[in-house]
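Counting starts at 1 for both ligands and their atoms, in listed order. None of the values given here were measured: they were computed from a predicted structure. Reckoned from all heavy atoms, side chains included, excluding hydrogens, waters and symmetry mates.
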Amino acid sequence: MVSPGPVHDSLTDGIGATPLVRLDRVTVGVAAAVYVKAEYANPGGSVKDRAASAMVTAAEHDGSLRPGGTVFEGTSGNTGIGLAMVAARRGYRCVLVVPDRTAVEKIALLRAYGAEVVLTPGTVAQHDPRHVRRLAGRLAAETPGGWLADQYTNPANPLVHEHTTGPEIWAQTRGRITHLVAGVGTGGTISGTARHLRAVSDGRVRIVAADPATSRYSGGDGSPYTVEAVGHYLHPDTAVDEWPQTYDPSVVDEFVTVPDGDAVRLVRRVAREEGLLLGGSSGTALAAGLRVAAGLGEGDVVVVIAPDSGRAYLSKYFDDEWCVRLGFVDAAEGPLVRDVLPVAPPGPLRVVPAGRRVGDVLANVPDTGGPDVVPVVADRDGATAGRATGDVVGSVSLAGLRRAAADDPDACVTAHLQPPLATVGLGESVAAALARVPGDGRPVLVVADGRIVRAVHRTDLP
Ligand SMILES: Cc1ncc(COP(=O)(O)O)c(C=O)c1O
């Protein structure tokens, strides 16, 4: 019997009712059932279609968005795609402010729907006027008929998940779900879905939040991570760390933190073994789901929300060269950088925090040997486990600083800033690394899982 599929009057009728897909390859040895809620099956390609259409509909009902109006939003992409799609269908102009590190495919997609895209730096403090949300808010306020969707405060965002995503999962598992696993961006998905599942199960369903390892939500240092659209990054200059009003931390029973490398390697594996092409934040959620499922029994049912597809990340997680350069995977042919590195230096990686006095820096830099030119990184309390490449603002010569200190020890180190050092992946082929890195006598930073682990002389790579 052929299942004909639905016929819709409007594309917004096609949002939701996404499939639940059981995994059976990457779950070998796991007794619990693990399902993926495939949110990329929404018409705009992500979970955010739900929030976008719900926010526009609510604004039309309460009169804040009128015919001829303009939809504004600050977004890392998917909410923008949903809004651009709905705005195109309903005849609104749409202006989206997007962080500059957003995948190029997502930006092209926004433009394809006719939206206007405004790029802004992705790593500025929340109070900075260039910050994604602030800039979108200002543009909306200055535009007659402008309406700011503001997914971070808009109650329609979590509500749509309470009214649709939660009930769908409950019905699809016939009430057998025991664990919900989802990432937290605005928190709309996890908060709304969890609220419904808890209510309908008398609190039996356990809610697991999957978080990038350095995200603030689960208590990380807030340093940059690779996976897009989940977790909470903290710019070092942030005065007050504001969390989205749409995120209700009380719904979370447990956090599972996932290093970027685990998420990246898992989405690559799931594409090849399960035939499911998932985005990075789905990798974060699924890695957490598999970790939770490993400790569960046969009657348990784990549902992992997969927010979008890997199609938006072909130039990142599914690009071998990109993965090798950032130290996420090893090159096919060696010798590799990790094979030829000299024995590790005795102390931690030497870095210089930006914004400090030259005199203070020289008093605090450990004398552990290693190259004289060291990375200058964003000031960040409690940073551990290597430094994120995204925190590097440049480099500085310690010998140069010593000479400068004789004249002016109170000068800021950034007055002596040189360009950032070149990076090579820990699993990159030595030949490829040497062909790429300039022979200018400057040291080279070695990167594993997107974080700097070593500084070496280029001549250390024979
Ligand atoms: C790819 C991706 N993953 C996860 C999320 C997080 O979902 P939420 O904002 O509902 O917490 C988003 C939100 O934009 C997303 O685009």
Asker: Within a strict 4.5 Å, meaning less than it, do heavy atoms of the Lys37 and Thr193 side chains meet?
Answerer: no

Asker: Between Leu349, Val456, Ile452, which is the residue that forms a side chain to side chain contact (heavy atoms under 4.5 Å, CB included) with Val446?
Answerer: Val456

Asker: Mind checking whether Ser46 has a heavy atom under 4.0 Å from ligand 1?
Answerer: no

Asker: Do Glu228 and Pro307 touch side chain to side chain, with heavy atoms closer than 4.5 Å?
Answerer: no

Asker: Taking C-beta and beyond as the side chain, do Glu428 and Val437 meet within less than 4.5 Å on heavy atoms?
Answerer: no

Asker: Going by distance only, is there an N or O of Lys48 that falls short of 3.5 Å from an N or O of ligand 1?
Answerer: yes

Asker: Go through the structure and list residues passing ring-ring contact (aromatic ring centres under 6.0 Å, His included) with Trp170, not counting sequence neighbours.
Answerer: none

Asker: Flag the pair Asn42 / Thr18 as yes when at least one side-chain heavy-atom distance between them is below 4.5 Å, and no otherwise.
Answerer: yes

Asker: At less than 4.0 angstrom from any non-hydrogen atom of Gly185, what atoms of ligand 1 do you find?
Answerer: 6 (C), 8 (P), 9 (O), 11 (O)

Asker: Report yes if Gln151 has an N/O atom closer than 3.5 Å to an N/O atom of ligand 1; otherwise report no.
Answerer: no

Asker: Could you say whether the N/O atoms of Gly187 and ligand 1 ever approach to under 3.5 Å?
Answerer: yes

Asker: Side chain, backbone, both or neither: which part of Val184 comes within less than 4.0 Å of ligand 1 when only heavy atoms are counted?
Answerer: backbone

Asker: Is there any N or O on His161 that sits under 3.5 Å from an N or O of ligand 1?
Answerer: no

Asker: Tell me which one of Val230, Thr246, Thr79 gets a heavy atom nearest to atom 4 (C) of ligand 1.
Answerer: Val230

Asker: Fit a plane to each ring of Trp322 and Phe328, take the angle between them on a 0 to 90° scale, and name the class: parallel (under 30°), tilted (30 to 60°) or perpendicular (over 60°).
Answerer: parallel

Asker: Do Met85 and Arg89 have side chains that approach each other closer than 4.5 Å (heavy atoms only, starting at C-beta)?
Answerer: no

Asker: Has ligand 1 got any nitrogen or oxygen that is less than 3.5 angstrom from a nitrogen or oxygen of Tyr313?
Answerer: no

Asker: Flag Lys106 as yes when one of its N or O atoms lies below 3.5 Å from any N or O atom of ligand 1, and as no otherwise.
Answerer: no

Asker: Which of the numbered atoms in ligand 1 are under 4.0 angstrom from any heavy atom belonging to Thr189?
Answerer: 7 (O), 8 (P), 10 (O)

Asker: By side chain to side chain contact (heavy atoms under 4.5 Å, CB included), which residues pair with Val270, not counting sequence neighbours?
Answerer: Val26, Leu266, Glu274, Leu276, Leu278, Leu286

Asker: For ligand 1, which atoms have a heavy atom of Pro307 less than 4.0 angstrom away?
Answerer: 1 (C), 2 (C), 3 (N), 4 (C)

Asker: In ligand 1, which numbered atoms sit nearer than 4.0 Å to a non-hydrogen atom of Asp308?
Answerer: 1 (C)

Asker: Counting only heavy atoms, which portion of Ser281 has something under 4.0 Å from ligand 1: side chain, backbone, both, or neither?
Answerer: side chain

